[in-house]
Protein chains: 2
Amino acid sequence: MADPKRTRNTHKRQRILRAIQAAGCHLTAGEIRRRVGRDGLAIGLATVYRALAAFARAGLVESVSLGGRATRYGLAAEHHDHVVCLECGRWQPLRRCPAPRAPRDAAPGFRVTGHRLEFFGYCGECR
Amino acid sequence: MADPKRTRNTHKRQRILRAIQAAGCHLTAGEIRRRVGRDGLAIGLATVYRALAAFARAGLVESVSLGGRATRYGLAAEHHDHVVCLECGRWQPLRRCPAPRAPRDAAPGFRVTGHRLEFFGYCGECR
DNA sequence: ATACGTGCAAAATGTTTGCTCGTTT
DNA sequence: AAACGAGCAAACATTTTGCACGTAT
């Protein structure tokens with residue numbers, strides 16, 4: 001199964017992680033690239049994707065894809081769930097995670113390592 | 001906000017819904033197209049997407065995107081959550097939905113109409 | 001020294017849109 | 001008749017890959 005391989009400690013990868021951390025919420029690959037670039041470090045998009053894949057493999061980062069839109073990446077250590085407005089697309093993190101650690105009726109032998117939960121509906125302004 | 005518009009009752013749209021219903025689980029747009037086609041009715045992919053968007057607007061269908069892979073669509077009336085293996089990618093529906101109707105700390109005024117929950121980890125065979 | 005990271009451009013996916021014409025209401 | 005659905009091809013956005021070279025371990 002997934003060996004939690006460690007990733008190499010390069011300057012760019014540090015900056016990618018730092019950008020996600022500084023954001024405090026989930027970012028898309030493009031946003032990450034832009035933020036790192038804005039701080040004076042040019043970086044290829046492919047590099048961002050490869051770094052994110054490595055981080056995810058290592059269990060550092062979790063990915064969330066909110067229906068259709070680009071996938072977002074956040075620190076696994078700062079897991080949180082989301083509420084998404086179907087109309088305007090805005091989404092907000094939840095403080096409390098309302099899901100159980102593991103479902104009651106998972107397949108036998110399945111080891112749950114995480115989850116991803118999004119509530120959707122319509123925000124006050126869009127109703 | 002989203003007026004639950006009714007969609008027109010065309011032959012193709014009926015077949016799309018029937019395909020999803022017959023499958024009993026979430027399908028991708030491509031799978032739907034293939035199944036409808038296999039039953040002798042050629043249909044364009046754009047048509048499938050537009051129909052699904054209309055169904056979603058009408059609240060008939062819900063969409064789920066399991067990290068990276070293509071978005072899957074299922075009947076909203078037969079909502080269920082999933083368990084996904086990070087190694088082999090196989091996923092299974094859960095009988096019981098372990099999420100609450102709505103989170104405690106959603107933004108005020110937010111009306112929750114649904115959710116989407118996926119547990120992930122490693123299945124018995126991949127561990 | 002070796003395995004891994006990076007950039008670039010190209011390719012592969014998945015999804016949406018413009019236009020024209022057909023069908024439902 | 002009017003509004004919406006369908007088909008096709010082109011456009012789009014996102015993500016992945018091949019290759020040549022650089023860097024961390």
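In what follows, every heavy atom counts, from backbone to side chain, and hydrogens, waters and symmetry copies are set aside. Letters A, B, ... are given to chains in the order of the sequence lines, protein chains preceding strands, and every chain is numbered from 1.
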Does the side chain of A/T10 get closer than 4.0 angstrom to OP1 or OP2 of C/dC4 through an N or O atom? no
Atom CG of A/L52 to atom P of C/dG5: distance rounded to whole Å? 13 Å
Round to the nearest Å and state the distance from A/R15 atom CZ to C/dG5 atom C1'. 17 Å
Rounded to whole Å, CD1 of A/I16 lies from C1' of C/dG5 at a distance of 10 Å
Closest approach to the side chain of A/K12, judged atom by atom: which nucleotide of C/dG7, C/dA3, D/dA6 is it? C/dG7
Any side-chain N or O of B/Y49 below 4.0 angstrom from OP1/OP2 of C/dT15? yes
At under 4.0 Å between heavy atoms, what does B/I43 touch on the DNA or RNA strands: base, sugar-phosphate, or nothing? sugar-phosphate
Figure out the CG/P separation between B/N9 and C/dT25, and round it to whole Å. 6 Å
State the CZ-CG distance between A/F110 and A/D105, to the nearest 0.5 angstrom. 12.0 Å
Any luck finding a side-chain donor-acceptor pair between B/D81 and B/H79 under 3.5 Å? yes
Among D/dT23, C/dT15, C/dC19, which is the nearest nucleotide to the side chain of B/T71? C/dT15
Chi angles and distances behind the side chain to side chain contact (heavy atoms under 4.5 Å, CB included) call for B/R13, B/F55: CA-CA 9 Å; B/R13 293 202 166 181; B/F55 292 152; 3.8 Å; yes
Looking at C/dT15, C/dT6, C/dA9, which one has an atom nearest to any side-chain atom of A/A46? C/dA9
Protein-nucleotide distance (A/L41, atom CG; D/dT23, atom C1'), rounded to Å: 15 Å
I want to verify a distance call: between C/dG14, C/dT24, D/dT25, whose nearest atom is closest to the B/R8 side chain? C/dT24
After noting the C-alpha distance and the side-chain angles of B/L94 and B/H80, does the key distance pass the side chain to side chain contact (heavy atoms under 4.5 Å, CB included) rule? CA-CA 6 Å; B/L94 286 175; B/H80 53 260; 5.6 Å; no
Can A/T71 and A/V64 be said to form a side chain to side chain contact (heavy atoms under 4.5 Å, CB included), step by step? CA-CA 6 Å; A/T71 305; A/V64 179; 6.0 Å; no
Measure the distance from CD on A/Q14 to C1' on C/dC4 and round it to the nearest whole Å. 16 Å
Measure CZ/B/F55 against C1'/D/dA6 and give the value in whole Å, please. 13 Å
Identify the heavy atoms of A/P98 and A/F119 that sit nearest to each other, and give their distance. CG-CE1, 3.9 Å
If I take atom CZ in residue A/R33 and atom P in nucleotide C/dG5, what distance separates them, rounded to the nearest angstrom? 20 Å
Which residue lies more 5' along DNA chain C, comparing B/H11 with A/A42 via nearest heavy atoms: A/A42
Among the candidates D/dG5, C/dT6, C/dC8, find the nucleotide nearest to the side-chain atoms of B/T7. D/dG5
Are A/T47 and C/dG7 close enough that a side-chain N or O sits under 4.0 Å from OP1 or OP2? yes
Nearest to the side chain of B/R50, heavy atoms from C-beta on, is which of C/dT17, C/dC8, D/dT25? C/dT17
Shortest side-chain distance from B/R13, nucleotide among C/dT16, D/dT15, D/dA6: D/dA6
For a quick check of understanding: with a heavy-atom distance under 4.0 Å over all strands, which category does A/A51 fall into, base, sugar-phosphate or nothing? nothing
